[in-house]
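Since the structure comes first, as structure tokens, the remarks are kept for the end.
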Amino acid sequence: MKAQALLAVFTLFKSLALANGGSADEDFPQGVKRVPLRTHSITSPYLDDSLHSRWFDYGGDAVIRTDKYIRLTSDRPSQTGYVSSRLPLTTPNFEIEFEFKISGKGNLYGDGMAMWITKERDRMGPVFGGPDHFEGLGIFIDTYKNNRPGVTFPYVMAMVGDGKTRYSKEDDGKPNELAGCSARGLHNNQHATKARLTYLKDGFMKLELEYKEPNKWTTCFKVAAPPLPSVPYLGFSAETGELSENHDLISVDVSTLFLPASQERTTGTRTGSRTPHDKKVRKEKKGGSWFWFIVKLGLICGAAYVGYSRYIIYAKRKRQNSQGLF
């Protein structure tokens, strides 16, 4: 009975530790709080009442179908389309999950699409529809093999640009690849594909894919977090050449990550964001902190009292039974 009471108290402590939106997984064993960033997220119908987007610019051959997707390129040769955030992504720790679909006719198709976290914004170019000699991070979903023997395509890779180094298209980016993985079956998949990038400054960067079957995530890579520009912008782009395919962006969900202080020390990360958005979040949290502290303290004390009372009753009955045997 005493062990059960202690277990109940321990379970309550664990639940309170993950309260208020926190969650625990293998990357965040002590939990993490995700705060959505509306300014960098994209969902249907993609446009406001004035047929414009408040937070993103669209350009090139991109076409918006408000009930389904943003088609960055159609299945036609020599197309380029992009989406670019208007505000910089200045939070140091974030998670970006985006849903997309790449499809087309025939056995030959190309070229691919990209996600960008770069100093530049609102620019088109020869690297999957984005600029070459970029400064920041590029995640490339390459659907056509030029010259990478022994590698299965489609291939997903990350490259960190310094503003001077070019992307080696003839070698499918191999000379400057940070990390990557094959994603066979991604093209013409029956269901849409999801990708999730987790970035912790001074910690790690992890890319996961969901393309084999719904709700089954596969880790593409996990590496030490590369440095990003101090004022980076989020973007997506796609490109077709002589070969073509549809590149559809369905949704983008971006969240700021807040870690417990103890986990910050362990990972060497800092979770606070210095944007006005996150200052507002902190101010709102501060206002109710004392109230929730008192509520949680009351729950803990109540659970401890119940456990202790049950143990006293159990001990008293056991003593009476023992006395009755003599």
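No experiment lies behind these values; they were computed from the predicted model shown.
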Do you know the tightest heavy-atom contact between [X] and [Y]?
X: Gly60; Y: Met124; result: CA-SD, 3.7 Å
X: Pro260; Y: Gly31; result: CD-O, 3.1 Å
X: Leu209; Y: Cys181; result: CD1-SG, 4.0 Å
X: Lys164; Y: His133; result: O-CD2, 3.0 Å
X: Gly136; Y: Pro229; result: CA-CD, 3.7 Å
X: Pro36; Y: Ser255; result: CA-OG, 3.9 Å

Enumerate, atom names and distances included, each donor-acceptor pair closer than 3.5 Å involving a side-chain atom of residues 216-223, sequence neighbours excluded.
from	atom 1	to	atom 2	distance (Å)
Lys222	NZ	Asp27	OD1	2.7

Check whether [X] and [Y] end up in the same hydrophobic cluster, where Ile, Leu, Val, Met, Phe, Trp and Tyr are linked by side-chain heavy atoms less than 4.5 Å apart.
X: Val252; Y: Leu207; answer: yes
X: Val160; Y: Ile141; answer: yes
X: Leu234; Y: Leu249; answer: yes
X: Met157; Y: Leu197; answer: no
X: Met159; Y: Met115; answer: no

Is there a donor-acceptor contact under 3.5 Å from the side chain of Lys201 to the main chain of Thr91?
->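 No; zero donor-acceptor contacts below 3.5 Å.
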Test item: Thr165 side-chain N/O and Gly161 main-chain N/O as donor-acceptor pair under 3.5 Å =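 Side chain of Thr165 to backbone of Gly161: no pair is present.
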What residues form a side-chain contact (heavy atoms from CB on, under 4.5 Å) with [X], not counting sequence neighbours?
X: Arg123; answer: Glu120, Pro131
X: Glu99; answer: Ala192, Lys194, Ile250, Ser251
X: Asp75; answer: Lys105, Ser244, Asn246
X: Leu87; answer: Thr39, His40, Trp55

Which residues pass the salt bridge (Lys or Arg N to Asp or Glu O under 4.0 Å) test with [X], not counting sequence neighbours?
X: Glu242; value: none
X: Asp67; value: Arg65
X: Glu95; value: Arg34
X: Arg196; value: Glu97, Glu208

Close side-chain approach of [X] to [Y], heavy-atom, < 4.5 Å:
X: Leu89; Y: Ile96; answer: yes
X: Phe28; Y: Thr198; answer: yes
X: Asp61; Y: Thr73; answer: no
X: Arg86; Y: Arg121; answer: yes
X: Val231; Y: Lys119; answer: no

Using the disulfide (SG to SG under 2.5 Å) rule, collect all pairs that involve residues 111-162, keeping only residues at least two apart or in two chains.
->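 Every pair satisfying disulfide (SG to SG under 2.5 Å) with a residue in residues 111-162: there are none.
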Residues 144-155, side-chain donor-acceptor partners within the protein, below 3.5 Å, at least two apart:
from	atom 1	to	atom 2	distance (Å)
Lys145	NZ	Val151	O	2.7
Asn146	ND2	Lys169	O	3.2
Asn146	ND2	Asp172	OD1	3.0
Asn147	ND2	Asp171	OD1	3.4
Arg148	NH1	Glu177	OE1	2.9
Arg148	NH2	Glu177	OE1	3.0
Tyr155	OH	Glu177	OE2	2.7

Got a second to check how far [X]'s [atom1] is from [Y]'s [atom2], nearest 0.5 Å?
X: Thr118; Y: Leu137; atom1: OG1; atom2: CG; value: 9.0 Å
X: Leu228; Y: Glu135; atom1: CG; atom2: CD; value: 10.0 Å
X: Ser53; Y: Ile64; atom1: OG; atom2: CD1; value: 7.5 Å
X: Thr193; Y: Asp248; atom1: OG1; atom2: CG; value: 11.0 Å
X: His52; Y: Leu47; atom1: NE2; atom2: CG; value: 8.5 Å
X: Ile117; Y: Met205; atom1: CD1; atom2: CE; value: 8.0 Å

Pairs involving residues 74-131, ordered by first then second residue, that meet ring-ring contact (aromatic ring centres under 6.0 Å, His included) (sequence neighbours left out) =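 Qualifying pairs: Phe94-Tyr199, Phe98-Phe100, Phe98-Phe236, Tyr109-His187, Trp116-Phe134, Trp116-Phe140, Phe128-Phe140, Phe128-Tyr167.
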Determine, stepwise, if the pair Val156 / Tyr211 fulfils side-chain contact (heavy atoms from CB on, under 4.5 Å).
-> CA-CA 12 Å; Val156 183; Tyr211 67 96; over 6 Å; no
Among Thr143, Asn188, Thr240, find the one that has a side-chain hydrogen bond (donor to acceptor under 3.5 Å, both in side chains) with Glu245.
-> Thr143
Starting from the C-alpha separation in whole Å, work towards a yes-or-no answer on side-chain contact (heavy atoms from CB on, under 4.5 Å) for Leu200 and Leu259.
-> CA-CA 10 Å; Leu200 269 66; Leu259 278 66; 3.7 Å; yes
